[in-house]
Structure formats: C-alpha cells, structure tokens
4 protein chains.
Amino acid sequence: LIKTWEPTLQNYPMIGIRDDEFATAKKLITKEEVRAVTLGKLQLQDDLVLWDIGAGSGSVSIEAGNLMPNGRIYAVEKNPQYLSFLRENLKKFSARNVLITESFAPEGLEDMPDPDRVFIGGSGGMLEEIIEAVDKRLKPDGFIVLNAVTLDTLTKAVEFLEDHGYTVEVTCVNIAKTRTLTEYKMFAAHNPVYVITAWKGEE
Amino acid sequence: LIKTWEPTLQNYPMIGIRDDEFATAKKLITKEEVRAVTLGKLQLQDDLVLWDIGAGSGSVSIEAGNLMPNGRIYAVEKNPQYLSFLRENLKKFSARNVLITESFAPEGLEDMPDPDRVFIGGSGGMLEEIIEAVDKRLKPDGFIVLNAVTLDTLTKAVEFLEDHGYTVEVTCVNIAKTRTLTEYKMFAAHNPVYVITAWKGEE
Amino acid sequence: LIKTWEPTLQNYPMIGIRDDEFATAKKLITKEEVRAVTLGKLQLQDDLVLWDIGAGSGSVSIEAGNLMPNGRIYAVEKNPQYLSFLRENLKKFSARNVLITESFAPEGLEDMPDPDRVFIGGSGGMLEEIIEAVDKRLKPDGFIVLNAVTLDTLTKAVEFLEDHGYTVEVTCVNIAKTRTLTEYKMFAAHNPVYVITAWKGEE
Amino acid sequence: LIKTWEPTLQNYPMIGIRDDEFATAKKLITKEEVRAVTLGKLQLQDDLVLWDIGAGSGSVSIEAGNLMPNGRIYAVEKNPQYLSFLRENLKKFSARNVLITESFAPEGLEDMPDPDRVFIGGSGGMLEEIIEAVDKRLKPDGFIVLNAVTLDTLTKAVEFLEDHGYTVEVTCVNIAKTRTLTEYKMFAAHNPVYVITAWKGEE
C-alpha cells in the first residue's frame with residue numbers, strides 16, 4: 001500500500017531547515033550542515049523504519065520524515081526539556097510520521113519495530129548497551145549512523161561496533177561559515193563532528 | 001495539480017547515493033558529503049524549478065529530483081563526455097524530472113522557466129555572464145548556491161554576487177574519511193569546497 | 001659581528017609558548033598552532049630584519065626573536081591597550097631584540113631598516129597602503145606573510161599582492177583541540193586562519 | 001658549559017624548511033606545517049635531550065636541532081632506505097647535534113640519555129612497548145608528542161598514555177594549500193594529522 005503524497009510543509013524545505021527555525025538549546029541541535037551529511041549517510045528510502053536514539057530537539061527525525069513519506073521514525077528521548085522542544089518542533093513542521101518513544105535508551109527499544117536504519121545522536125552514557133540492543137534488532141542490510149563530538153565517544157563507538165562485527169567508516173566533518181552580521185565576513189568554525197557509519201559484513 | 005507519488009528508486013536512497021554508483025570521471029563529481037550540504041543549502045521544496053548549471057555527471061540534479069517529486073530540474077551541460085555520463089545516470093536512477101539543456105551557459109538559459117533555485121557547479125570561465133543571466137530570471141525569494149574549489153572562483157563569485165545586490169554566506173566544508181580497505185583506518189582528506197549561498201536582500 | 005649566544009628564557013620554550021602565558025585579550029593573539037605555522041612560513045634565519053605590522057600582544061615578535069638571536073624585530077603597533085600588553089610580554093620573555101615602533105602603519109615604517117621578512121597580523125583598514133609601503137622596502141628574496149581571518153582580507157590581500165607582482169600561496173589552517181578540563185575530551189575548533197605567503201617572481 | 005653559537009645554516013631557515021628540500025619519500029615526511037605545530041608542542045629549550053623515535057628522513061630532528069643549539073637529538077630509525085635519507089639530510093643541513101640510533105625502537109633506547117622530550121613520529125607496530133620504555137626514562141616535567149594519521153594509532157596512543165598516568169591533549173591539524181602551478185589557485189587538502197601531547201600529572 002502506497003499512500004498518496006501530500007506535502008505538509010508549505011514554507012519549509014525537505015532538508016536544510018535553518019537551525020534557528022527549531023525550538024532548541026544551542027548546543028543540543030545537530031547543525032544543518034552535519035545534519036545533511038548525516039541524512040546522506042543514513043541512505044533513507046521511502047518506506048523504511050528509522051530509530052533516532054537521543055533525538056534531542058528532533059531536527060534529524062523531522063528531515064528524515066520528509067525523506068520517507070511512507071516511513072516511520074521513532075524518536076527516543078527521555079530528558080523532559082528536550083521532549084518539550086521535540087514536541088514543539090514536530091508540531092511546527094507537521095511531522096506526522098515521527099513517533100516519540102519517551103524512554104531512556106536502551107529502555108523502550110523493545111516495543112519498536114525492527115529498524116532499517118538507526119541514528120545515535122546521543123547515548124547518555126549507555127553506548128555499549130544501546131549498540132548491543134540495536135545489534136539484536138537491526139534488519140539485514142541495515143545501517144547504524146552515530147555522531148561523535150568527543151574523542152571518547154569516537155573511540156568507544158568504533159570499538160563496540162567492531163566488536164559486534166560491524167565494518168566502520170568514520171567521516172570527520174569540519175564546517176566554517178562566514179558571519180554576515182558584521183561589515184566583514186569572518187570565518188567562524190563549528191566544532192568537528194565524527195559521523196560514524198557501520199554495517200554488517202565487508203564493504 | 002499534484003501528481004501521485006510513485007517511488008522509482010527501489011535500491012537507491014533519496015540522498016546519499018555513494019559516489020561510485022555514478023558514471024563519472026573522478027574529479028567531476030560533487031562528492032556525497034558536499035552534495036548533501038549543497039542540497040541542504042538549496043532548501044528544496046516539493047514543486048520548485050531548479051537550474052543546475054554545469055551539471056556534470058548529474059549527481060546533484062538526480063538527488064534534487066528525489067527531493068522534489070513535483071519539481072523540475074534543468075541540467076545545463078555542453079561537454080560531450082559529461083553529457084554521456086549525465087544521460088547514463090539519469091537512466092540508471094530513473095530521474096524523470098531532470099531535463100537536459102545541452103548548452104554552454106549562459107546560452108540556453110533563455111528557454112528555461114524562471115528558477116526558484118539555481119545551483120552553479122561549474123561555470124566554464126563564464127561566471128560573471130552566468131550570474132548576470134541568472135539574476136534577471138531568479139524568482140523573488142529564490143536562492144543561488146555555488147560551489148567553489150579555487151580561491152579565484154570563491155573571490156569572483158562573492159564579488160559578482162554582491163555587485164548584483166545579493167547577500168552572501170560562505171560555508172567551507174572540510175571532509176576527511178577513514179579508508180577501510182587496509183588493516184588501519186587512515187584519515188584521508190577531501191579537498192575543501194566553498195559552498196556559497198546568495199539571496200536578494202538582507203539576512 | 002656575531003654575538004655570543006646567551007639563553008635568556010629559562011622556563012619558556014623557543015617556540016610553542018602556551019597562549020595563556022601571554023598578557024593579551026582573548027581574540028587578539030595569534031594562537032600557538034597558527035603562530036608556529038606562521039613562523040615556519042617566515043623562514044627566519046639568525047640575523048634577519050623582520051617587520052611585525054599590527055604586532056598586537058607580541059607573541060609572533062617574541063618567538064621570532066628567539067629564532068633570530070642576532071636579528072632585529074620591529075613590532076609596529078598603535079593601539080594603547082595592545083601596546084601595554086606588548087610591553088608587558090617583551091619584559092616577561094626577555095625579548096631584547098624586539099623594538100617597538102609606536103605607530104599606525106604604514107606610518108612609522110620609513111624609519112625602520114629594510115626588512116628581509118614582513119609579517120602582517122593586522123592592518124587596521126590600511127591593507128593596500130601597507131602593502132604598497134612594504135613593497136618599496138622589502139629586500140630582494142624577502143617574503144611577506146599575512147594572516148587573514150575574514151574572507152574580505154583574504155580576497156583583498158591576494159588581489160593587492162598579485163597587483164604588485166607577487167606570487168601568492170595561501171595555506172588554510174584548521175585546528176581542533178580536545179578540552180581536557182572535563183571528563184570527556186571534546187574536540188573544540190579554532191576559527192580557520194588563512195596564512196598568505198608572498199614573494200617576488202615565480203615559485 | 002655553554003657553547004658559542006655558530007650558525008651553520010647559511011641558506012636555510014631555523015624552521016619552515018620547504019618539504020622539497022629534504023631527501024625523502026613523499027609519504028614519509030612530516031609536512032612543513034604539521035612539523036611547525038609539532039615543534040611548537042615539543043616546547044624545546046636550548047639544551048634539552050630529545051628522542052625522535054621513527055625519525056624517518058629527519059625533518060623534525062633537523063629543525064629541533066636548530067632550536068636547541070646546545071641540545072642533543074637522538075634520531076631512532078632502522079629502515080635502511082629511511083636511514084639513507086636521514087644521513088643525506090643531516091649532512092645537507094649541517095645538523096651537528098643530531099645523533100642516529102640505528103635501531104628498531106624500543107630497542108636501542110636503553111643506550112641513550114634520559115629525555116626531556118620524546119617525539120614519536122612512527123612506531124612500527126610497537127607503540128605500547130615504546131610508550132612503556134619511554135615512560136621509564138622520561139624526565140619529570142618532560143613531554144611526549146606523538147603524531148597519528150590513523151584512527152587506530154590515535155585510539156591506542158591515547159589509551160596507552162592514559163593507562164600510564166599521562167594527561168593527554170589532542171590537536172587535529174587540517175591544512176589546505178593553494179597550488180600555484182596552474183592559472184587558478186585550487187585548494188588542495190593534506191590529510192589530517194592528530195598531534196598528541198602527553199605529560200604526567202594534571203594540566
């Protein structure tokens with residue numbers, strides 16, 4: 001069954017929504033450029049199941065939803081402030097295929113359907129447990145994408161993923177943007193993000 | 001009139017198609033990470049008109065087509081070898097809303113409908129003429145996105161765009177990826193790309 | 001006449017002095033990694049004359065002085081606050097071969113001996129006039145090194161230098177460092193700096 | 001005993017020697033910009049003892065020697081081809097205070113005096129053994145600097161160093177340079193290098 005396409009975003013793009021359009025805390029959001037790279041790495045198709053673990057304010061879930069009109073996105077989040085941002089953003093962007101799992105992962109994952117794709121944007125100190133739980137449920141040919149901003153997470157994620165038999169590719173994204181507010185266009189750097197892609201078997 | 005959504009890509013993602021899936025010459029393609037950032041900057045919506053000037057092997061046009069099922073993409077290219085890659089890729093990825101304008105821009109632009117978005121991936125030494133031609137046709141609230149890999153193009157593009165009254169934001173994208181072919185995961189850098197976004201009026 | 005080498009820095013290194021060792025305003029200093037690259041590009045030898053235009057708090061002058069025990073460094077600065085930092089740092093690091101020219105460049109340059117090397121760390125809106133003045137005085141086989149943090153300075157510097165017959169190489173330096181203060185080592189990016197090297201004639 | 005300073009490099013700079021001045025294999029050399037950052041991190045003073053483990057073609061040893069006229073640099077290398085480059089370069093640059101230890105580290109370290117600084121540019125698969133051997137000999141207040149180009153070395157080095165009680169700071173250096181050979185100045189990226197600095201005790 002294929003649903004009829006009904007565009008729900010009248011003023012917003014499919015991807016590339018400006019960061020300041022989201023209700024969020026400044027450090028919480030996956031910034032627009034890294035979000036675009038992340039969505040590319042997720043290789044989304046129309047009707048997949050995506051788990052967004054540590055969904056935060058929901059920017060990845062919302063744009064993933066635009067890319068998968070017949071797909072389902074499960075946004076897993078427990079922090080009350082983030083949940084409030086998440087709900088506000090889902091409403092603003094009419095994200096009808098994003099479902100909230102109010103839970104501290106890996107708790108709550110057992111009630112969600114098996115995923116084709118898993119994005120881990122935050123792990124709350126439970127990275128190993130999350131990877132273990134995800135590994136049991138990820139469909140064959142599925143991917144895991146994980147964004148790390150600390151050396152510790154980068155190191156542990158690669159270790160845990162390889163220990164579970166995944167092949168890992170790490171993409172370091174460095175972005176610098178001109179600030180147009182002043183007379184001069186100064187280049188301001190964003191902190192680097194390591195986008196880790198992992199899949200079972202060989203490349 | 002809104003067409004019914006019919007997914008045509010069965011094995012390929014909406015965005016994030018791997019570079020090696022495209023028929024192309026190695027240096028010609030907009031690599032997958034920069035392509036994702038570029039598509040984000042274009043802020044595509046379902047039914048827009050996009051001009052892809054210097055379309056090369058068509059990777060941007062094809063993924064833009066996936067993001068705009070009711071939109072039209074005009075891929076402008078003159079180089080015979082690139083045209084051959086472009087045609088092969090449009091067929092492979094069933095890109096039914098990408099139309100080829102076989103022309104050396106700014107020639108040929110006059111026959112295309114006014115654009116909501118313009119992507120300039122290559123200018124063949126005609127950058128100023130292209131920006132002038134685009135400026136006469138770009139719809140209000142439209143954007144121009146231009147990718148520069150040389151200091152010369154970066155400098156000239158910003159100068160020409162500002163001379164024509166555009167506000168300009170420059171995003172420098174630096175990507176480094178691990179190569180998984182060897183026992184060790186070595187970080188290999190891609191050359192930086194300056195993604196220039198330009199719009200009329202203030203930010 | 002070659003002076004006997006008398007080490008004056010007992011606790012400080014020749015180069016690589018930590019940023020927080022200098023009296024400075026946070027945004028004023030050339031950070032240690034970019035300072036090291038800059039000093040490398042200056043290709044200093046024991047007894048050269050270096051002009052440091054827009055010397056700020058003097059970190060480049062001081063380390064250049066360590067690299068040229070028989071050289072002379074002219075630190076050109078006019079801002080009273082920066083001069084105060086500069087004097088404090090010259091004293092702290094016993095920089096006996098750094099001479100202050102209290103002047104707003106290009107003023108004051110006429111009283112200094114012809115330079116083998118010129119570093120332009122700040123131009124106070126007088127970039128073209130400074131390059132013109134420097135060009136009249138730079139010794140054959142001399143170099144100019146200029147650090148740009150804005151697109152505007154990058155663009156203008158390259159244009160002015162090429163107009164005066166210089167060959168230009170631009171090195172973009174992107175640094176990200178782990179912050180060790182917290183339990184986790186987070187990568188924090190410095191804003192990119194464009195280190196421009198310019199010399200007369202071909203490469 | 002302080003020796004009189006006798007400059008031995010007439011045509012070469014103290015630091016910043018161009019990469020193509022060294023006899024080397026292309027991938028072997030620590031490129032000039034990363035070399036400058038590395039030397040800064042080593043915080044060299046006039047009369048220290050430096051171990052350069054995996055010295056390769058000797059570019060770090062040679063410039064370190066210029067920074068420490070009364071110091072001693074022990075260049076540890078075993079590969080016959082590299083040794084040939086190393087000897088040629090020491091001669092060309094009159095590096096009188098660089099001593100070759102022809103050995104596969106950690107072998108050979110026992111015969112060298114205790115180091116104030118240790119640079120590990122290559123470990124030949126013996127990283128843990130080298131760090132262990134260095135740790136027993138490094139003087140109090142000494143530093144270790146290690147350059148990693150693979151994720152594996154980055155991960156292991158940080159782990160081993162922290163296991164031995166070191167505080168670690170990681171500096172990721174991304175360099176892109178314009179190529180001046182063509183009509184256009186294209187930005188070409190160098191692969192990123194992770195410069196790891198490690199010292200005993202807190203920051």
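Predicted, not measured: the structure shown is a model, and the values here were computed from it.
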(request) Might you point out which heavy atoms bring Lys177(D) and Thr171(C) nearest each other, and give the distance in Å? (result) CG-OG1, 3.5 Å

(message) Taking side chain as everything from C-beta outward and backbone as N, CA, C, O, which of these in Leu44(D) sits under 4.5 Å from a heavy atom of chain C? Side chain, backbone, both or neither.
(response) backbone

(request) Could you please state which residues from residues 49-59 of chain C sit under 4.5 angstrom from chain D, measuring non-hydrogen atom to non-hydrogen atom, sorted by number, or 'none'? (result) none

(request) Search all heavy atoms of Val168(D) against all heavy atoms of Lys185(C) and return the closest pair with its distance. (result) O-CD, 4.0 Å

(request) Go through the steps for Leu67(C) and Leu67(D) under the test side chain to side chain contact (heavy atoms under 4.5 Å, CB included), then give the verdict. (result) CA-CA 7 Å; Leu67(C) 293 175; Leu67(D) 294 174; 3.1 Å; yes

(message) Ignoring hydrogens, what is the shortest heavy-atom contact between Gln45(C) and Pro13(D)? Give both atom names and the distance.
(response) CG-CA, 3.8 Å

(request) Kindly write out the residues that satisfy side chain to side chain contact (heavy atoms under 4.5 Å, CB included) with Lys78(C), not counting sequence neighbours, or none if the list is empty. (result) Phe104(C)

(message) Heavy atom to heavy atom, less than 4.5 Å: which residues from residues 28-37 of chain D reach chain C?
(response) Glu32(D), Glu33(D), Ala36(D), Val37(D)

(request) Please determine, among Leu48(C), Ile15(C), Leu42(C), Val173(C), the option with the most heavy-atom pairs under 4.5 Å with chain D. (result) Ile15(C)

(message) Using a 4.5 Å heavy-atom cutoff, which residues in residues 140-164 of chain D come close to chain C?
(response) Val158(D), Glu162(D)

(request) Determine whether Gln43(D) and Arg18(C) make a side-chain contact, defined as any pair of heavy atoms from C-beta on separated by less than 4.5 Å. (result) yes

(message) Return the CG to CE distance between Leu39(C) and Met14(D), rounded to the nearest 0.5 Å.
(response) 11.5 Å

